[in-house]
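Letters A, B, ... mirror the listed sequences (proteins, then strands); counts begin at 1.
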Number of protein chains: 2
Amino acid sequence: MKASFVLWSRGDFDVERCPVREILSHLGDKWTTLIVIALAEGPHRFNELRRALPDISNRMLTQTLRDLQRDGLLSRQVFPTKPPSVEYWLTPLGRSRLDPLAALVTWAQNTHADVKTARSKFDRSGSVIANVDS
Amino acid sequence: MKASFVLWSRGDFDVERCPVREILSHLGDKWTTLIVIALAEGPHRFNELRRALPDISNRMLTQTLRDLQRDGLLSRQVFPTKPPSVEYWLTPLGRSRLDPLAALVTWAQNTHADVKTARSKFDRSGSVIANVDS
DNA sequence: CGGCATCCCACTGGATACTG
DNA sequence: CAGTATCCAGTGGGATGCCG
């Protein structure tokens, strides 16, 4: 199968408003995707997410959640209990991102071994750049 | 359909050697994915790629290409002509990444409008943070 | 508990100039 | 043509502390 990509380099192209770059920059956000996946199983509260992502900072969790909400991928609801609690969950739009994401994750897991092999082979053969004593 | 993700937060987990984070960090590389897509149609030479990606810097193209080669996603061959020419093309492994990628790109294009709508709605309603004069 | 504000450092990656 | 080397700015994002 040959997936045809009509992106840039196909005549008309504006670097800025390119949906593909848009999405790629978000995927590269380091946290965006992980949060979406974390919410795949169901709604979660702020601190639940924080525990799910052991090494995320407070700042980044807040910010990424707001960005995702802004893009309509997740919803947020505040329960005025004491102390207050807030729930986040994926919207239909957000859930629709799970499938392509799952494909990618699956690919990553399937090919992980191959990549590791290729990598060590590459390192052993060519680049003897390291190990130069001073 | 419920794509089950067994990633972190599932008992055993080492933040570092997590294949998913691996791949995500590469996707976020800003150039990696674009280069892979650019090579989808077939082999390309260094400067051809540079023209295909209008705003990539010399440095980044070189570096990203080497990383991709290192991971076994693409091959490189030098033709000792004068002046020399070098060709890059996807390996089977590299081509195998195209399918999940295509799914994601398709998703991005399909939902782009929705996201834009959600975004402007979000901006209009809540955050009246801007427009504060001094 | 669920944030927001501030500070600050590390790294990403762009520009430029030089080589085989 | 196909890179490499160096320099440097911008910013992503961590740590910390405060507030409703």
Intermediate values then yes/no, side chain to side chain contact (heavy atoms under 4.5 Å, CB included), Lys30(A) and Leu24(B): CA-CA 7 Å; Lys30(A) 181 178 186 181; Leu24(B) 286 179; over 6 Å; no
Output a table of donor-acceptor pairs, distance under 3.5 Å, between side-chain atoms of residues 58-68 of chain A and any protein atom two or more places apart or on a different chain; print 'none' if there are none.
residue	atom	partner	partner atom	Å
Thr62(A)	OG1	Asn58(A)	O	3.1
Thr64(A)	OG1	Met60(A)	O	2.6

Angle separating the five-pair end axes of the helix from dC1(C)-dG20(D) to dG20(C)-dC1(D), nearest 10°, is 50°
Which residues pass the salt bridge (Lys or Arg N to Asp or Glu O under 4.0 Å) test with Arg95(B), sequence neighbours left out? none
Here the residues of residues 77-88 of chain B within 4.0 Å heavy-atom distance, strictly under, of DNA chain D are Pro83(B), Pro84(B), Ser85(B), Val86(B), Tyr88(B)
Exam field: side chain Thr91(A) to backbone Ser75(A), donor-acceptor pair closer than 3.5 Å: no
Near DNA chain C, counting only heavy atoms under 4.0 Å, which residues of residues 56-67 of chain A show up? Asn58(A), Arg59(A), Thr62(A), Arg66(A)
First-last contacting nucleotides on DNA chain D - partner chain A, under 4.0 angstrom, heavy atom: dG13(D) to dA15(D)
For the student: nearest non-hydrogen atoms of Val78(B) and Arg76(B), plus distance: CG2-NH2, 3.3 Å
Contact list for residues 111-120 of chain B, test salt bridge (charged side-chain N to carboxylate O under 4.0 Å, His left out), sequence neighbours left out: Glu22(A)-Arg119(B), Asp71(A)-Arg119(B)
Residue set satisfying side-chain contact (heavy atoms from CB on, under 4.5 Å) with Ser85(B), at least two apart, ordered chain then number -> Arg45(B), Phe79(B), Thr81(B)
Do you know the tightest heavy-atom contact between Gly94(A) and Val36(A)? O-CG1, 4.4 Å
Give me the atom names and distance for the closest heavy-atom approach of Ala38(B) to Leu53(B). CB-CD1, 4.3 Å
Going 5' to 3' along DNA chain C, which nucleotides are the first and last within contact of chain B (any atom under 4.0 Å from a heavy atom)? dG13(C) to dG20(C)
For Asn47(A), all residues meeting side-chain contact (heavy atoms from CB on, under 4.5 Å), sequence neighbours excluded: Arg50(A), Arg51(A)
Apply side chain to side chain contact (heavy atoms under 4.5 Å, CB included) to Phe122(B) and Arg70(A), showing your working. CA-CA 6 Å; Phe122(B) 182 89; Arg70(A) 190 171 105 102; 3.3 Å; yes
List the atom of Asp55(A), the atom of Trp31(A), and the distance in Å for their closest heavy-atom pair. OD1-CH2, 3.5 Å
Residues forming a side chain to side chain donor-acceptor pair (under 3.5 Å) with Ser96(B), sequence neighbours excluded: Trp107(A)
Give me the atom names and distance for the closest heavy-atom approach of Ala52(B) to Pro54(B). O-CD, 3.1 Å
Using the side-chain contact (heavy atoms from CB on, under 4.5 Å) criterion, which residues pair with Pro43(B)? Sequence neighbours excluded. Glu87(B), Trp89(B)
